[in-house]
Amino acid sequence: MKTNETMKTMSFADAIEDALATAMATDERIIIIGEDVHLLRVNLLSRFGRDRVLAAPISESAFVGAAVAAAMGGLRPVVEVMLVDFIGVAMDALLNHAAKTFAFSGGNWHVPLVVRAACGGGYGDGGQHEQSLWGWLAHIPGLTVVVPSTPADAGGLMLSALSHEEPVIFLEHKLLADYWLDYLGAGGRDTVTYDIPMMGATGPVPDPWQPVPIGKMAIRRNGSDITVVGVGVGIHRALEAATILAQNGYSAEVIDLRTVSPLDREGLCASVSKTGRMLVVDEDYQAFGLSGELAAVVLESGIQAKYGRVCVESTIPYSPEMEKQALPNTVRILAAANELLLKR
Amino acid sequence: MEINHWHCYENMFSSRQFEASVTTVWRSGKISGEMHLSTGEEAITAGTVLQLQAGDAMALDHRGTSAMLMRGVDPFRLLREFMGKSDGLCHGQGGHMHLFSKRHLAASSGIVGATGPAAAGFALANRALRPGSVALAFFGDGAMNQGMLLESMNLAVAWRLPVVFICKDSKWAITTLSASVTGGKLVNRAIGMGMPATSIDGTDVEAVWKTASKSLIRARKGKGPSFIHATCTHPEGHFLGDPLLRIARHPVKEMKKVAGPMIKSAIHLQGASILKRSGSLATVTTLIGKTARDQHFSGKDPLSRLRRQLKKENGRLEKLENELINKNQAVINRALAAR
């Protein structure tokens, strides 16, 4: 970040909305489409009116598909499917259309679309509402996938997504975005508590907003013994673990990818070649996903490294106790890190 | 099958009692995540599910509690499931939105509209393996805009599948007024696809029963699917803690959180014209008021409606209700006491 800009404090959710409003004020092509947006985006509705904040029926395949072509037609839609789990219903629009148009048109036709969705678990809503799916989406060539972990990145990545010429999936974790957690978790109750990473839920943001480049990771903690890498809430769990590792004399470097696709290969390889150990913390599914891709990137670059991963291994259980074990937590990260650190 | 009002009332009352207790347990924090009640839908459930036979299947949405109870699932195991315990119906893996009972051929989904394809598939299996048995699809008015549901309605007609499509119309799709995002009349969609469709008052268990009876006979005879459009009310809104209802019920406390940023946005220098802005603000305030009115029984409670009919028989009703209250309380106590 530039040194001459001032900072202010903002919540993760407000940061996204503030960046979005800033962009909407200068670019009339940006519109919001989605279920319940008249309520979820009530501030944008009151400022920009009903022509630019369009409440949709529960018809994901229709309105996401329409958003793809609206983007091709010159608008810059931000289309919301509430939870990333519901993207399944609209997958054809993304897999076979949004992701393919640029290639099929011989590089002549862009799809400047942002798909916005809440992701992640930790509030006991079950395996059909708590998935992460960023690796699954990033698997498709033509889709850019960003997963911010701080308010500054949330706003900055939203700005970049809005000016990106190709489809971007923007995923906001429900433990970071307070309104989602209240909407789906607490429901106005004060009898439930969550393990919210405070550094991610509220934090300093630049004033005025600065875009955060897509495809660039951030080093959250410098270290020399092991690289712990991930996105979203996983970063905050990794930072907790790194603090404990430091007390035991180990120096962990924590890398926030921020963008799942395209990957910051250079940044990752630089860190792993320094530490010689890579531990992936990934709230998405373990098999055939981000954690395996990171191993492939390191292998391809010829780096010799010890490797481990802490991911979600199966369908996320509804039961809060079982869910805690299923998601990457500090205990699991520490166990995996210690195992790697013992390897010579 | 002839309707037995007492049997219906017993089931409807038990379901209501159970969900009232679930609400208390949810508020105490012992149930995590969302909680979508089927309170207000009891007459629709009783009028359909109580006519099912062994081998019939049910595709349930995110409000499957009353259907599961009336199909004979143990309430103790239901509540334990909601609490995420290993002795719950699905060993704590599914939760209230994902209730499964293989024995009853009952499967739920939290994906809106997914019960359409599921019922079509159950019907296909039933026709081949359990001739004469049927499949029910339960869904809301919001789901009627979901492609997969409309596609499966057509599929059921094309393949003459033994499905009864049951649309529980509360007028609201989550916090969106359905009429604002829906074209035409819902029954006309079903008629357009070539199946018989009936619109009824879903708080009148007798009307539901009679209509469902015809649909079930038709399906069992291999004559194909039909569509029942039944109106109802959800007094707790979309789910417990419904944000619109919260504002409507506690305007001072809840509106404070929303009003500041909303007004700040509305008077921001850059943005739409004043006319468009005030129009948008009016939309929101209207919605809040409408929720409070719509999601209120106001004489349209399926339970009290049937109760008025049964009151004539002196003493029997109160005796039954007391028995059911005690029975429910015993189940709740046992579930809360279990480890």
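Letters go in sequence order (proteins before strands), and every chain restarts at 1.
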Heavy-atom distance under 4.5 Å to chain A: side chain of B/T176, backbone, both or neither?
both

What class does the angle between the rings of B/H62 and B/H36 fall in, given that below 30° is parallel, 30 to 60° is tilted and above 60° is perpendicular?
perpendicular

Return the option, out of B/G92, B/A173, B/G88, with the maximum number of heavy-atom pairs under 4.5 Å with chain A.
B/G92

Between A/D284 (side chain only) and A/L133 (backbone N and O only), is there a donor and an acceptor less than 3.5 Å apart?
yes

Between B/Q270, B/R246, B/K264, who has the most heavy-atom pairs with chain A when the cutoff is under 4.5 Å?
B/R246

Between B/G94, B/G84, B/G113, who has the most heavy-atom pairs with chain A when the cutoff is under 4.5 Å?
B/G84

Parallel, tilted or perpendicular for A/H129 and B/H98, by the 30°/60° rule?
tilted

Using side chain to side chain donor-acceptor pair (under 3.5 Å), reason through A/W209 and A/D18 one step at a time and then give a plain yes or no.
CA-CA 9 Å; A/W209 277 106; A/D18 197 52; 2.9 Å; yes

Donor-acceptor pair, side chain of B/R63 and main chain of B/H238, under 3.5 angstrom
yes

For chain A, which candidate among B/M148, B/M97, B/M35 shows the most heavy-atom pairs at distances under 4.5 Å?
B/M97

Which portion of A/V89 sits near chain B, non-hydrogen atoms under 4.5 angstrom:
side chain

Choice from A/D125, A/D14, A/V53, A/V192 maximising heavy atom contacts with chain B below 4.5 Å:
A/D125

Between the side chains of B/H234 and B/E41, is a donor N or O closer than 3.5 angstrom to an acceptor N or O?
yes

Among A/A21, A/G126, A/G187, A/S61, who wins on heavy-atom pairs under 4.5 Å with chain B?
A/G187

Carboxylate-amine/guanidinium contact B/E236 B/R249, below 4.0 Å
yes

Can you list the steps and then say if A/D85 with A/Q131 is a side chain to side chain donor-acceptor pair (under 3.5 Å)?
CA-CA 6 Å; A/D85 315 68; A/Q131 298 169 93; 2.8 Å; yes

Does anything in residues 173-186 of chain A reach chain B? List residues with heavy atoms under 4.5 Å apart, or say none.
A/D182, A/Y183, A/L184, A/G185, A/A186

Any idea which of B/D242, B/I174, B/I288, B/I31 has the most non-hydrogen atom pairs under 4.5 angstrom with chain A?
B/I174

Assert top hit (heavy-atom pairs under 4.5 Å, partner chain B, pool A/A55, A/A62, A/P57) equals A/P57

Name, in order of residue number, those residues of residues 36-52 of chain A that have a heavy atom at a distance of less than 4.5 Å from a heavy atom in chain B; otherwise write 'none'.
A/D36, A/H38, A/L39, A/V42, A/N43, A/L45, A/S46, A/R47, A/F48, A/G49, A/R50, A/D51

Has B/E81 got a side-chain atom pairing as donor or acceptor with B/H91's backbone, closer than 3.5 angstrom?
yes

Report the C-alpha separation of B/K168 and B/D61 in whole Å, then their side-chain angles, then the decisive distance to 0.1 Å, and conclude whether the salt bridge (charged side-chain N to carboxylate O under 4.0 Å, His left out) test is met.
CA-CA 11 Å; B/K168 308 167 291 174; B/D61 60 10; 2.8 Å; yes

Is it the case that the side chain of A/Y318 and the backbone of B/M83 share a donor-acceptor pair, with hydrogens and angles ignored and the cut-off at 3.5 Å?
no

Hey, does the side chain of B/S109 reach the backbone of B/T115 with a donor-acceptor pair shorter than 3.5 angstrom?
no

Please look at A/E17 and chain B and tell me whether the side chain, the backbone, both or neither of the residue comes under 4.5 angstrom of a heavy atom of that chain.
neither

So what's closer than 4.5 Å to chain B heavy atoms on A/A56: side chain, backbone, both or neither?
backbone

Applying side-chain contact (heavy atoms from CB on, under 4.5 Å) to A/V115 and A/L94, what does each step give before you reach the verdict?
CA-CA 9 Å; A/V115 182; A/L94 298 176; 3.8 Å; yes

Any donor-acceptor pair under 3.5 Å from A/R29 side chain to A/R76 backbone
no

Looking at OH of A/Y285 and SG of A/C311, how far apart are the two atoms once the value is rounded to the nearest 0.5 Å?
12.5 Å

